Every structure is written in C-alpha cells, then in structure tokens.
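Keep in mind that what you see is a predicted model, and the values were worked out from it rather than measured.
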Amino acid sequence: MERPVVVGVDGSDGSLAALDWAVEEAVRFQLPLRVVYASLWERYEGAVPSFTGQRPAEEVAAQHIVASSEQRARQLSPDLQVNAVTVPNDAVDALVEESRGAAAVVTGSSGRGAVKELLLGSVSLAVAGRADCPVVVVRGEERNIKDMSNRVVVGVGEADEAATAVRFALREAEARGCELQAVRAWRSPQQPTDPLTVLDSAAHAYEEQAAAVLDEVLEEAVAEHPKVSVKRTVLEGPAHRMLLGPAADADLLVLGATRRQSQFGLQLGRVSHAALHRAACPVAVVPHR
C-alpha cells in the first residue's frame, strides 16, 4: 500500500492552507491523502452517554471539520483518493503516530498579523521534532505557498547528515520541474590580531571547504536526478540566518532534522528551529536516515 500524505486539520485558516498544500503534494506524487483531525473529546467523553438527546458541541465540530476538509480536498482534486478521519488523541501524539506510516506529514503555521513570521504553533514544532517521516510546515507568503517562485532550496549541513534531505529536495524539485538551490553556510574563526592577508587566506580556505562539502553531498544524489538544474551556493555567516535569504524566493525550504535530547525531550537544532519560525516559505524537516 502506498504511504499517504497526511495533513493535520483543526478548522483554522492555517490548517486550510496546509490542506491545500497537501492536496497539491499528493497529486504531484500520485499518492493518497489522509486528513486527520485529533480530538481528545473522542477519547475522554465520546463513550459517555448523552441524557439530553442532543449531540455534544465537540462532536458536531469534529464532524464538521472532517467533512468540510474532505469536501474541500475533493473539490480541489476530484480524482484524488481521500480518507478523512477523527483520531481520539492529542494532536501531537496523533500526527507523530501517523508519521510512522506516512510519506509526509503536513501542518499549518499559527502565525497571525504583523508578527506572523515569529509565531509557530506548538503542535507544528513538536511534530517536526518527533516525526519519523518528513514534516512540512506550511507558512510564509502567498506567492511562496502557491509555488510561484519555481525554486526549491535545501540547506546542506555536514556530509554524513545531509544526504536524506538532499534526496528529498531533489525529488521535490524534479516533481515540480523547477531548480534546486543547494546552500551551505560557512564561518571562519575571527582573529583580529592576524594580518589581513592571513585572514583572507583562511577565509578562502573555509569557503573552498564548504564548496567541497556541497560537491560531496550532491554528487551521487544529483546523478539520480539528471533533469534537475542544481545551483550551488556557499554563504559566509551563521546557517540559521543565511538560509532565510534564499528561502524568501523559494517554494520550499528543505532541512535535515538535527535533533538533540534535552530535559524537555527531543528538540530541533537551531537551524530548523529558526527556519520554522521565520522562513518566508513552507519548510520541510527531513529526519536523517
């Protein structure tokens, strides 16, 4: 059975944008779509009999969200195979569980108003940090969400961790018929007491090293996708800032999921965390395999 594209919905504007994006993704890769609404009411109250003869408001809301989401997906793509369900679980746990059998999990961003680029829902962040499959958080400007930039950007970290993200990005670029821009950031140690010629020489060496890592990571993967035009870019500066510029003119930013264990459980690395909060386009976080 083909793994579906899973999208989490909750009736918000952000989840509608995620639903629309997920429909396009499912059509693009000829995959089924699974629409998931998580409701703890189903677990804790759904089995309690009603003495009023009326359906509880939570049940009505859940059925409305699921039905309207399914209808919207079918209207966008009549031939798409759609399965819409209510899951009796917390939203994060439900989507993480869904990720074990999904091609990708898609969620919306909760940003609102003038500071929307700084806001991200706790559900999206937690799912991106724990899922077993790629997680796409649909955020950013309308032109980026609507695939009007004709470019996919991938941030390339260390060679042994970047391969899975690069392959995901190449598949996305190939399916969209667009360019892939592979970006690696580099930084040289600051040594203000050294002569400028030494600093320039050291900076050049670090830049060349960054370019070599790009070539190493891309060589085999690019050969598997010969139709994709690949642009290599090395930028001086911290990666969590340098990727935001290319992302502003992209339809999708792809990052490898660097996770670390802390007292709060699995946490995303600084680059992924910054992109999920501030990127001007949808962000895909791809677990390292």
Side-chain angles (χ1 to χ4, degrees), residues 4-23 25-26 33-46 58 61-66 68-70 72-73 83-113 115-140 145 252-255 257-279 281-287:
V5 174
V6 173
V7 57
V9 297
D10 61 7
S12 67
D13 291 343
S15 76
L16 289 180
L19 176 64
D20 293 353
W21 198 96
V23 169
E25 183 77 349
L33 178 71
R34 181 171 169 84
V35 181
V36 175
Y37 174 71
S39 171
L40 282 175
W41 175 86
E42 292 285 338
R43 173 188 289 179
Y44 298 121
E45 300 183 45
E58 293 86 351
Q63 291 182 352
H64 173 71
I65 290 171
V66 169
S68 61
S69 297
E70 181 177 5
R72 184 183 181 96
N83 177 28
V85 297
T86 299
V87 177
N89 206 344
D90 167 81
V92 173
D93 291 339
L95 292 177
V96 170
E97 179 65 29
E98 292 283 338
S99 76
R100 298 189 176 102
V105 170
V106 182
T107 71
S109 172
S110 65
R112 292 287 190 275
V115 294
K116 64 182 179 180
E117 72 277 6
L118 300 177
L119 301 178
L120 179 71
S122 58
V123 171
S124 298
L125 193 61
V127 173
R130 293 171 50 192
D132 287 351
C133 72
V135 174
V136 180
V137 177
V138 179
R139 55 165 295 112
I145 295 175
L252 181 67
L253 172 62
V254 180
L255 301 170
T258 302
R259 295 164 174 164
R260 62 180 184 275
Q261 190 73 36
S262 76
Q263 60 179 332
F264 302 108
L266 284 175
Q267 303 291 313
L268 287 172
R270 188 177 188 184
V271 175
S272 297
H273 198 276
L276 288 170
H277 280 85
R278 304 195 64 171
C281 69
V283 179
V285 178
V286 182

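When the side-chain contact (heavy atoms from CB on, under 4.5 Å) test is applied to A102, the partners found at least two apart in sequence or on another chain are V6, V105, C133. The salt bridge (Lys or Arg N to Asp or Glu O under 4.0 Å) test applied to D10 returns no partner, not counting sequence neighbours. Under the side-chain contact (heavy atoms from CB on, under 4.5 Å) criterion, A103 pairs with R3, L31, not counting sequence neighbours.
Here the side chains of L276 and L255 are not in contact, with every heavy-atom distance at 4.5 Å or above. In this structure, the side chains of V66 and V35 stay at 4.5 Å or more apart for every pair of heavy atoms. Contact of the V136 side chain with the E25 side chain is not registered, since no non-hydrogen atoms from C-beta on lie closer than 4.5 Å. Considering only heavy atoms from C-beta on, I145 comes within 4.5 Å of P282 through its side chain. Counting heavy atoms from C-beta outward, V87 and E97 have side chains that stay 4.5 Å or more apart.
Separating the CZ atom in R130 from the CG atom in L95 is a distance of 10.0 Å, to the nearest 0.5 Å. Remark: D13 CG to S109 OG distance equals 12.0 Å, nearest 0.5 Å.
Formation of a donor-acceptor pair under 3.5 Å by the S15 side chain with backbone atoms of S12 is found in this model. Judged by distance alone, with hydrogens and angles left aside, the side-chain atoms of T107 form no donor-acceptor pair with the main-chain N or O of V137 at under 3.5 Å.
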